[in-house]
Amino acid sequence: MTAATRRTAGKIPFLLLMTAPLLAACQHQDATDTVTGWWHNFEGGEIAKLRAPPPGENLRYPHVGRTPTQAPDLPTPEARLSLTTQLEAQRNLAQRESAAQGALPTIPPPPKPAPAATTANTEQSGMTMTTVGQPEPESPSAINPAPDLATTSVPNASAPAKKTAPSAPAAEAELPAVVAKSIPPTPPGQFPKIGDLPPPPPQFPGFDLPRDAMVSDPVRPDIDTSTPEGTLIRFQPATDRVTGDPQGDYQHIVSLRGNKRLTILGFGAFMSADAALAPADQNREIALGLLRARVVARALIARGVPASAIILKAEAIGDGVRVTINH
């Protein structure tokens, strides 16, 4: 073997090591996948075989717009309408109850107690300033001793001396005391004791009374909880600016009107903390409702509806503006 052949034979293993990563890159495998494949090939058997293709590989992709093929199980239109009416009544009742309660009360902060006078301040107020090096003046008790109270006559001794009592500091607001009720522990493996049940309702032959027949229903105010009729135009809270683009609603109203009159009912606050049933609050919200109704009326007049065929109304509590056609 010549020297050139030996040099070439020594370079073959180096070339194989350099081409191995390139071949692995062509298979889109990293170093971990490549080593795993080598190990599986070394083990042999089922793990060394190629992975089976997924089922339906050659089938056409499904049309998403045609799925699901079966109609979902939904309630009937009558049941959905009943549920919608019930939810609307609950919403309107919540609006009225919130308005009846009014705004949340503002609790003033408790008064600050007066600062108590300290003995240090009293002593400091009685001290006198002297020049450095001068002796302090003698106390009055050393110069003029206090006279004997028993021998000294005091005019009007019978009249008691009037003293101004110091004003007591205002007491801060305190929370009521918490009364803790001890509950006896329940032994392990036993259920806690339940209180006595209410007496059973009276039974009548031939009638089945429910268990809650003796329970009284909550008292509700006698107000109208139905949703107003007409096309709804929404507004931003506490303003007369329309929300969204109501051009389609305006065109729909104009197309259905014909030669009939329109009633535009504007509402004030909608579930607002400022909404209340006080006269001043109602006046403010009615004024806002009239402003909203005027905005809708101007938009309809710009589309050919005569001003004489529009009736403006306003209420204090509601949502946006309702436009109805008078038949």
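Index from 1, following the sequence. No hydrogens, no waters, no symmetry mates; every other heavy atom, side chains included, goes into these values.
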- Query: Do Ile311 and Leu262 have side chains that get closer than 4.5 Å, going by heavy atoms?
  - Reply: no
- Do the side chains of Phe235 and Val295 get nearer than 4.5 Å, heavy atoms only? yes
- Message: For a quick test of reading the model, state the closest non-hydrogen atom pair linking Lys260 to His327 and the distance between them.
- Response: NZ-ND1, 3.1 Å
- Note on the structure: In this structure, CD of Glu285 is separated from CZ of Phe267 (nearest 0.5 Å) by 12.5 Å
- Message: Between Arg294 and Leu290, is the side chain to side chain contact (heavy atoms under 4.5 Å, CB included) condition met? List the steps.
- Response: CA-CA 6 Å; Arg294 187 176 62 179; Leu290 288 175; over 6 Å; no
- Note on the structure: Scanning both residues in full, the closest heavy-atom pair of Ile325 with Ile253 reads CD1-O, 4.5 Å
- Grab the two heavy atoms, one from Pro246 and one from Val242, that are nearest each other, plus how far apart they are. CG-CG1, 3.4 Å
- Going through the checks in order, is the side chain to side chain contact (heavy atoms under 4.5 Å, CB included) test met by Glu315 and Ile286? CA-CA 5 Å; Glu315 291 186 7; Ile286 288 177; 5.8 Å; no
- Task: Answer with yes or no whether the side chains of Asp249 and Thr231 bring together a donor and an acceptor at under 3.5 Å.
- Result: no
- Beyond-backbone contact of Ile310 with Arg261, side-chain heavy atoms, under 4.5 angstrom: no
- Between Arg234 (side chain) and Gly320 (backbone), is there a donor-acceptor pair under 3.5 Å? no
- Do Leu256 and Val296 belong to the same hydrophobic cluster, where Ile, Leu, Val, Met, Phe, Trp and Tyr are linked whenever their side-chain heavy atoms lie under 4.5 Å apart, directly or via other members? yes
- Can you see which heavy atom on Gly289 is nearest to which on Ala314, and at what distance? C-CB, 4.0 Å
- Task: Say whether Gln236 and Thr243, considering side chains only, have a donor N or O and an acceptor N or O under 3.5 Å apart.
- Result: no
- Thr227 side chain near Arg91 side chain, heavy-atom distance below 4.5 Å: yes
- Item | Nearest heavy atoms of Gly266 and Ala293, plus distance in Å | N-CB, 4.1 Å
- Note, Ser98 side chain near Gln95 side chain (heavy atom, < 4.5 Å): no
- Do Asp245 and Tyr250 come close enough that some side-chain heavy atom pair is under 4.5 Å? no
- Mind checking whether Val321 and Leu265 have side chains closer than 4.5 Å, heavy atoms only? no
- Could you tell me the separation between the CD1 atom of Ile264 and the CD1 atom of Ile233, rounded to the nearest 0.5 Å? 9.5 Å
- Item | Nearest heavy atoms of Leu232 and Asp319, plus distance in Å | CD1-O, 3.3 Å
- Arg292 side, atom CZ; Leu312 side, atom CG - distance, nearest 0.5 Å: 14.5 Å
